[in-house]
Every structure is written in structure tokens, then in C-alpha cells.
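Reviewing the structure listed below.
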Amino acid sequence: VSFDDLDLMELRRRRGAKWSRCASDAIPAWVADMDYPVAEPIRAVLRQMIEASDLGYPQGPDPEGLATVFARRMRERFGWDVDPHRVEVLTDVVQGLHLSVELFSNPGDGVVTPLPIYPPFLDAVSGNGRRPVWQRFELTADGYRIDFERLRAEFVPDTRVMLVCNPHNPTGRVLTRAELGELAALAIERDMVIVSDEIHADLVYGGHRHVPLATLSPGIAERTITLTSASKAFNIAGLRCAVAAFGSAELHRRFRSVHHHARGGIGALGLAATEAAWTQGDEWLRDVVRCLEANRDLVAGHIASRWPLVRAGIPEATYLYWMDFSAAGLPSLPGDFLLEKARVMLAAGGPFGEGFEACARLNFATSTGILREILGRMDDAMAAGRGQ
Ligand SMILES: Cc1ncc(COP(=O)(O)O)c(C=O)c1O
């Protein structure tokens with residue numbers, strides 16, 4: 001497969017949010033979709049279902065289906081033993097976040113929340129009347145690190161749930177076993193439920209390794225709900241399918257107390273595509289990760305050589321590059337400035353948490369040619385706006 005052979009005109013005809021919400025003279029690099037063609041085994045199963053008009057209500061999902069495929073994959077990739085009977089298939093990962101916060105905490109309680117963070121985490125916490133207890137990523141000489149001392153000082157008495165995002169959107173950090181252990185120790189100390197969003201686990205670069213939080217110890221597993229899906233790594237977010245794995249029967253029972261009709265239905269295409277991704281997609285995935293890693297290096301080199309005033313840590317996973325423009329002397333917020341002057345659309349920093357207005361997130365999952373065009377446009381605008 002060639003991931004470098006993308007045609008801008010064709011991309012602009014896509015109906016998805018990434019391209020359709022972007023003006024025709026601008027290049028979108030905001031929402032977390034990749035521009036690459038989807039893996040052939042996924043295309044094949046979707047084509048087959050459409051051609052056979054096989055679009056009726058799907059079977060199940062039952063533990064023998066996608067849950068078993070997921071459990072096998074977790075064992076093979078991470079040595080993690082998941083009981084398929086403790087897996088639920090959901091519409092999406094964000095649904096799992098919301099339901100977990102609502103079920104395992106009360107209005108006014110604290111919820112440990114990473115910062116900066118993929119904005120739906122903030123909706124799940126503040127939007128549900130909970131108080132965020134910030135787990136901050138600070139940029140150090142070694143990249144982004146969790147400020148554990150500050151986290152300890154932030155705790156409020158009724159902090160019932162800890163949200164973890166690993167690998168982390170937007171910084172691209174892959175937490176080490178030691179960092180995960182420190183987070184989990186806090187959760188045990190305060191008897192918290194951990195909700196671990198591991199949706200980017202398949203997009204990890206050389207030198208780093210994803211550790212599922214639930215593999216740390218049986219004591220940690222039993223208080224952990226792991227959420228993931230094939231939607232990021234296999235680029236099928238529009239198909240709406242995710243899984244939640246519960247570390248104890250009690251967590252599972254509480255989750256299932258929400259009626260399945262209220263939890264929403266699962267689409268037949270999403271189920272089939274996810275199964276194809278997880279059973280036949282790994283060759284494609286290897287190629288994509290190689291291509292993304294080269295793009296990551298291209299952006300890292302560009303920042304180092306051309307934009308000394310932009311502060312950023314190098315992503316260890318994800319196709320997202322989080323940049324702090326606060327020292328770059330731009331005349332307006334970077335998202336607005338770059339859209340207006342460079343005609344590139346990044347994700348603005350503000351929604352990732354208060355205090356991140358001068359940051360922006362670049363999605364580098366596109367062809368090298370389009371990525372170079374994006375960086376070149378940013379060079380010109382920043383030179384004019386004093387960012388370089
Ligand atoms: C950390 C994280 N969680 C969840 C999602 C969204 O997942 P879903 O579409 O399954 O809700 C994303 C999408 O970018 C993400 O980055």
C-alpha cells in the first residue's frame with residue numbers, strides 16, 4: 001500500500017468532518033482521522049456486506065464474537081488475559097467514559113483527569129457536574145512528565161474515579177510501567193475506580209512499549225475498566241464500535257445496570273470492520289506505523305531546526321503533535337492565526353483545558369507531500385507573524 005499517494009482533490013470530496021469542515025483553500029490537520037486508504041481486509045468485508053445487502057440488525061454482540069477476538073488480540077500483543085465474558089461492545093469510547101463517570105461517582109465528587117486532554121474527557125467530568133482533580137503533564141527536558149506532587153496536592157475528599165489516557169492525546173506520551181504504577185498506587189490508596197482509555201495503543205513508535213494498565217497486578221485489574229477500539233489505529237472512526245473490558249464482576253454488573261437500549265446499538269458494519277481489523281489488519285498497521293513514525297520525525301526535525309520558539313515534546317505514540325506557541329510571539333491564538341495566515345487547520349489548544357489557549361495540535365497522518373505543504377505554509381505565516 002502506498003500512503004504517500006494521496007490526492008488533495010479526492011480528499012476534499014470526503015464527507016467526514018475532517019475534510020468537509022475545512023475551507024477549500026485550507027488543509028485540515030485537526031480531528032484525529034488519518035488520510036490513508038483503509039486496510040484491504042476491512043474494505044473487503046464492508047464491500048461484501050453492502051453488495052449482499054447484508055445490512056440488517058447485527059447478531060449479538062455476544063462474548064463468543066468480538067469480545068473473544070479482542071481477548072485473543074490482547075493476549076498476543078500485550079500478554080494480557082481478558083475474560084471475554086467481562087467485555088461489553090459499545091458504540092464508542094467516549095460513551096464508555098461518560099457512563100463510567102456517571103456510574104462510579106456522584107455529582108460534586110472529584111475525578112482525576114489528565115491535563116491537557118482530549119476535550120471529551122472534560123465534558124465527561126465537568127459536563128457531568130464532577131470536579132476535575134488535575135493530573136498534569138509538564139514539559140521537562142525529558143519530554144512531558146506527570147507532576148505527581150501536584151496531583152497529590154489536588155485531591156479532594158470524595159475523589160472516586162481516575163481517568164487515564166494512555167497513550168496520551170494530545171502529548172503522545174506512552175506511560176512507563178513505573179508511571180502507571182504510581183497512578184495505580186494512588187487509586188488503590190484512595191479506593192478509586194480506574195478508567196483507562198487505551199485507544200492509541202496500536203500506534204506506538206520505536207523505543208516505547210504500551211503496557212495495558214490492567215496487567216500491572218490483579219489488585220489493579222480488579223478496579224480497572226479499559227476502553228479501546230479499532231477506530232484510531234485502523235482509521236474507521238465513522239463506523240462507531242468500541243469495547244470496554246471490566247476487571248471485576250462487580251464493575252461489570254454496575255455497568256450493565258444501565259439498560260442496553262440506553263447504551264445504544266452497535267452497527268453491523270462497525271462490528272465486522274473491527275473484527276477484520278483485529279484479525280487481518282496487522283500487516284497494514286505495521287506499514288502505517290512506519291509511515292507515521294517517519295512523519296513524526298519530519299515534524300520533530302522541522303520544529304528543532306526552524307521553529308526554536310515553539311515548545312513541544314516528541315510524540316512516542318499517536319499521530320498527534322502538541323505544540324506550545326506561547327513564546328512564539330504570534331499576534332493571535334495559534335489555531336486562529338494558522339488558519340487565517342497559513343490556511344492550515346490545526347486543533348485549537350483551548351478545548352484541551354484552561355491555560356492551553358496558546359497551544360495547538362497538529363495531525364500528521366497524511367502523505368509526506370501534504371505534510372511538507374502544511375509545514376511550509378506554517379513557515380511562511382510564522383515568519384511573517386514573528387513565530388520563527
Ligand atoms: C484518547 C481518545 N479517546 C477516545 C477517542 C474517540 O473514540 P470514539 O470515537 O470511539 O469515542 C479519541 C479520538 O481521537 C481519543 O483520542
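Ligands are counted one by one from 1 in listed order, and the atoms in each one are counted from 1 as well. Computed over heavy atoms, backbone and side chain alike; hydrogens, waters and symmetry mates excluded. Since the model is a prediction, treat every value here as computed from it, not as a measurement.
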Checklist line | Contact check, Ala237 vs ligand 1, heavy-atom distance below 4.0 Å | finding: no
Next item on the list: Check whether the ring centres of Phe137 and Trp322 lie less than 6.0 Å apart, and answer yes or no.
Entry: no
Next item on the list: For ligand 1, note which part of Asp197 has a heavy atom under 4.0 Å away: side chain, backbone, both or neither.
Entry: side chain
Check: Taking only residues at least two apart or on different chains, which pairs with a member in residues 210-232 satisfy salt bridge (charged side-chain N to carboxylate O under 4.0 Å, His left out)?
Finding: Asp191-Arg223
Item checked: Step-by-step salt bridge (charged side-chain N to carboxylate O under 4.0 Å, His left out) determination, Asp147 to Arg152 -> CA-CA 9 Å; Asp147 189 336; Arg152 279 197 189 81; over 6 Å; no
Next item on the list: Mark yes or no: Arg361 above the aromatic ring of Tyr321, with NZ or CZ under 6.0 Å from the six-membered ring centre and no more than 45 degrees from the axis.
Entry: no
Notebook entry, point to check: Are any side-chain N or O atoms of Arg311 and backbone N or O atoms of Met323, one a donor and one an acceptor, separated by less than 3.5 Å?
Noted result: no
Check: What atoms of ligand 1 come within less than 4.0 Å of a heavy atom belonging to Ala32?
Finding: 14 (O)
Item checked: Protein residue, atom and distance nearest to atom 10 (O) of ligand 1, heavy-atom basis -> Val93 N, 2.9 Å
Next item on the list: Starting from atom 12 (C) of ligand 1, locate the nearest protein heavy atom and write down its residue, its atom name and how far away it is, to 0.1 Å.
Entry: Tyr118 CZ, 3.3 Å
Checklist line | Any His200 heavy atom less than 4.0 Å to ligand 1 | finding: yes
Checklist line | Per-atom contacts of ligand 1 with Asp92, taking only distances under 4.0 Å to non-hydrogen atoms | finding: 8 (P), 10 (O), 11 (O)
Item checked: Cluster overlap Ile27 with Tyr319, hydrophobic side-chain contacts below 4.5 Å -> yes
Check: For ligand 1, is there an N or O atom under 3.5 Å from any N or O atom of Lys232?
Finding: yes
Next item on the list: Measure Asn169 to ligand 1 on non-hydrogen atoms and call it side chain, backbone, both or neither using the 4.0 Å cut-off.
Entry: side chain
Item checked: Polar atom proximity, Ile199 to ligand 1 (N or O, under 3.5 Å) -> no
Next item on the list: Decide if the gap between the ring center of Tyr118 and the ring center of Phe352 is smaller than 6.0 angstrom.
Entry: no
Check: What residue and heavy atom of the protein are closest to atom 9 (O) of ligand 1, and at what distance?
Finding: Arg240 NH2, 2.6 Å
Item checked: Check against salt bridge (charged side-chain N to carboxylate O under 4.0 Å, His left out), Glu40 and Arg47 -> CA-CA 10 Å; Glu40 185 49 38; Arg47 222 181 276 126; 3.4 Å; yes
Note to self: Can you report which non-hydrogen protein atom sits closest to atom 11 (O) of ligand 1, along with the distance?
What the structure shows: Val94 N, 3.0 Å
Checklist line | Cys165, portion touching ligand 1 at heavy-atom distance under 4.0 Å | finding: side chain
Item checked: Pro167 and its side-chain contact (heavy atoms from CB on, under 4.5 Å) partner, picked from Glu316, His200, Arg173 -> His200
